[in-house]
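Structure first, commentary second.
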Amino acid sequence: MVCWLPLKSALREVRLISQEIWSDVLGYVRKNITEVEYHTWFAPVKNLGVQDGSLVLGVRNSFAQEWFRKNYLKLLEDALRSLGAQNPQVSFQVLPAAQDALLLPSDPPPPPSVPAPRAPAPTFTENRKVLNPKYTFENFVVGPNNNLAHAAALAVAESPGKAYNPLFIYGDVGLGKTHLMHAVGHYMLERFPGKRVEYVSTESFTNDLINAIRDDKMTQFRNRYRSVDLLLVDDIQFLAGKERTQEEFFHTFNALYENHKQIILSSDRPPKDIQTLEGRLRSRFEWGLITDIQSPEYETRVAILKMNAEHNRIDIPQEVLELIARQVTSNIRELEGALMRVVAFSSLNNVPFSRAVAAKALSNVFAPQEVKVEMMDVLRQVAAQFNMPPDVIRGSGRVREVVQARQVAQYLIRELTDHSLPEIGQFFGRDHSTVMHAISKVSEQMGKDSELTAAVDLLRRRMKGQDDEDMNA
Ligand SMILES: Nc1ncnc2c1ncn2[C@@H]1O[C@H](COP(=O)(O)OP(=O)(O)OP(=O)(O)O)[C@@H](O)[C@H]1O
């Protein structure tokens with residue numbers, strides 16, 4: 001995954017937009033222009049992040065800058081709108097020459113009517129996938145849904161070829177099977193850098209085999225797969241119905257197994273449910289340990305979100321993570337996508353994180369949820385609006401601006417939550433008569449001070465998630 005790196009700066013916040021969001025923007029653009037246009041103009045563009053609610057794109061020169069402004073601004077805004085930005089803004093910056101050079105595509109795009117020359121078919125070495133650096137044991141949150149699979153993976157990592165061979169991990173999509181397999185690979189390579197680890201999807205294994213047969217390179221193919229210390233094969237259910245691949249995999253399996261080399265397989269179902277799998281392979285898959293991963297329960301989902309946010313240095317309140325975890329229940333990949341969506345939404349609309357903002361960001365994708373406003377939500381929003389830390393508002397400071405922010409917070413909490421005056425007082429370390437005074441003070445000032453009235457209205461709408469027009473105020 002991803003890079004949202006909020007760079008510290010009190011007022012002018014810069015966030016690098018995640019690669020996934022940028023890919024979504026490009027996907028939208030690509031559907032709406034010709035391939036030639038896309039390669040000419042968009043392939044070299046660099047996503048520089050979000051600044052003050054505006055997506056900043058790096059372009060090659062001032063001509064390109066002008067061209068983008070004239071021809072593609074609206075398209076980019078539409079793309080951002082389709083991702084949830086309420087009032088999308090895009091700006092263009094000319095990149096310094098060195099950066100520009102890195103971005104230029106090496107070849108001009110072919111004209112549309114002339115088919116591009118056929119690239120040579122990839123060999124099996126090119127097909128090989130490397131381990132994802134994020135997929136380590138440290139980055140894996142253990143919960144009741146995956147603790148057996150995790151323990152088995154750890155045991156295998158510590159005693160490869162001895163503990164359980166093969167280790168067969170199954171479960172629905174996006175639940176961490178690949179992550180665990182890679183974690184074993186990382187662990188092994190850290191301890192024994194000389195060992196050979198091969199991660200391959202069943203599809204790549206099949207393609208490698210086809211290419212090897214076609215190019216008469218079966219010896220290399222066999223050497224490659226039979227000389228590894230750890231073989232990780234993803235989505236083994238795709239062996240179903242592929243007789244030649246099953247045959248070859250059977251021999252690969254035997255060669256490794258006999259040499260006490262570790263094999264880990266992942267699948268969306270247990271071996272017994274993989275149709276048209278040869279009996280001899282099925283029984284081999286059952287020789288070791290079969291373990292499953294289930295959907296994570298609420299606490300594990302929150303923990304995964306928290307870890308993700310920390311990993312990407314996103315400072316996001318716990319209650320927002322909790323709201324996301326309640327919305328997305330079954331798939332961790334979707335859970336991570338939802339977090340990125342919320343980050344994108346708040347960044348593009350230049351509004352601080354809150355549960356209302358998160359609910360809005362997710363409302364297009366997931367069933368909308370009633371958001372109950374909490375005291376902490378109000379405090380945070382008021383703090384952002386008045387540009388001071390929440391603790392200062394709750395503290396004992398008597399500076400005029402601080403007192404006003406404190407009174408506004410108490411006023412809005414009283415209006416938007418069910419908390420009693422004593423409860424609100426307690427939250428601020430004061431008694432209920434102070435809260436009563438704050439409420440009447442704000443009501444009175446609102447009649448006279450239009451700026452304050454506008455600020456309170458804006459905050460109220462944000463809290464209720466009715467802030468469409470004001471998100472960018
Ligand atoms: N327990 C976990 N802790 C932290 N992150 C996790 C956990 N489980 C899964 N993830 C993350 O969820 C995403 C999806 O995981 P992964 O690709 O391993 O799923 P999968 O089960 O292999 O899915 P598929 O069947 O689609 O290949 C990854 O980004 C992974 O890091």
Side-chain angles (χ1 to χ4, degrees), residues 6 10-11 13 298-299 302-303 305-306 309-310 314-327 342 346 351-361 369-449 451-467 470-471 473:
L11 295 171
E13 198 176 16
Y298 172 72
E299 289 76 11
V302 174
L305 286 171
K306 209 172 162 86
E310 278 164 16
I314 303 165
D315 191 10
I316 185 164
Q318 172 82 8
E319 66 265 18
V320 175
L321 299 181
E322 288 172 3
L323 181 132
I324 300 171
R326 286 199 194 286
Q327 287 274 26
V342 170
S346 114
V351 288
F353 294 118
S354 73
R355 293 176 337 123
V357 164
K360 188 139 204 106
Q369 225 187 39
E370 183 74 27
V371 178
K372 193 163 158 262
V373 178
E374 303 287 353
M375 291 201 271
M376 204 57 195
D377 288 339
V378 180
L379 179 66
R380 282 218 179 83
Q381 291 290 338
V382 172
Q385 181 69 21
F386 283 77
N387 208 11
M388 56 185 77
D391 287 350
V392 170
I393 298 182
R394 274 169 101 183
S396 55
R398 303 292 317 154
V399 179
R400 205 176 72 84
E401 288 78 12
V402 174
V403 172
Q404 188 176 52
R406 188 180 299 136
Q407 290 174 338
V408 167
Q410 294 176 359
Y411 173 91
L412 282 170
I413 289 175
R414 180 65 178 151
E415 180 186 319
L416 300 172
T417 73
D418 297 332
H419 289 287
S420 63
L421 294 175
E423 282 169 343
I424 302 172
Q426 200 179 17
F427 183 67
F428 285 89
R430 288 160 169 85
D431 68 20
H432 76 281
S433 60
T434 316
V435 182
M436 267 169 72
H437 171 71
I439 293 168
S440 61
K441 184 86 196 205
V442 174
S443 315
E444 183 197 316
Q445 279 175 332
M446 288 227 299
K448 304 177 197 151
D449 181 344
E451 213 175 301
L452 179 72
T453 312
V456 171
D457 280 350
L458 171 63
L459 283 163
R460 185 185 288 120
R461 283 202 295 276
R462 274 192 189 156
M463 295 295 140
K464 292 179 170 175
Q466 301 167 338
D467 37 11
D470 301 299
M471 284 269 183

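Numbering starts at 1 and runs along the sequence shown.
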Exercise. Crowded around M376 CE? As in, over 12 foreign heavy atoms under 6.0 Å?
Worked result: yes
Looking at Q426, I'd like to know if its CD atom is crowded, meaning that more than 12 non-hydrogen atoms belonging to other residues, nucleotides or ligands lie closer than 6.0 Å.
no
Notebook entry, point to check: Does a side-chain heavy-atom distance below 4.5 Å link E322 with Y298?
Noted result: yes
Close side-chain approach of L323 and V342, heavy atoms under 4.5 Å = no
Taken in chain and number order and not counting sequence neighbours, the residues that satisfy side-chain hydrogen bond (donor to acceptor under 3.5 Å, both in side chains) with R380 are E319
*asked:* In the structure I gave you, are the side-chain heavy atoms of L452 and Q404 within less than 4.5 Å of one another anywhere?
replied: yes
Does F427 form a side chain to side chain contact (heavy atoms under 4.5 Å, CB included) with H419? I'd like the steps, not just the answer. CA-CA 10 Å; F427 183 67; H419 289 287; over 6 Å; no
Across all chains, not counting sequence neighbours, the side-chain hydrogen bond (donor to acceptor under 3.5 Å, both in side chains) partners of E444 are K448
Taking every heavy atom of A438 against every heavy atom of Q410, the minimum-distance pair comes out as CB-OE1, 3.1 Å
Close side-chain approach of I393 to F428, heavy-atom, < 4.5 Å:
yes
Contacts of P389 meeting side chain to side chain contact (heavy atoms under 4.5 Å, CB included) (sequence neighbours excluded), chain-then-number -> V392
Here the salt bridge (Lys or Arg N to Asp or Glu O under 4.0 Å) pairs for residues 390-416, sequence neighbours left out, are E415-R460
For A325 and V302, the nearest pair of non-hydrogen atoms, with its separation, is CB-CG2, 3.6 Å
Heavy-atom closest pair (V382 atom, A405 atom, distance to 0.1 Å) is CG1-O, 3.5 Å
Sorted by chain and residue number, the side-chain hydrogen bond (donor to acceptor under 3.5 Å, both in side chains) partners of S433 (sequence neighbours excluded) come out as D431
Those residues at least two apart in sequence (or on a different chain) that pass side-chain hydrogen bond (donor to acceptor under 3.5 Å, both in side chains) with T453 are none
Under 3.5 Å, is there a donor-acceptor pair between the Q381 and Q385 side chains?
-> no
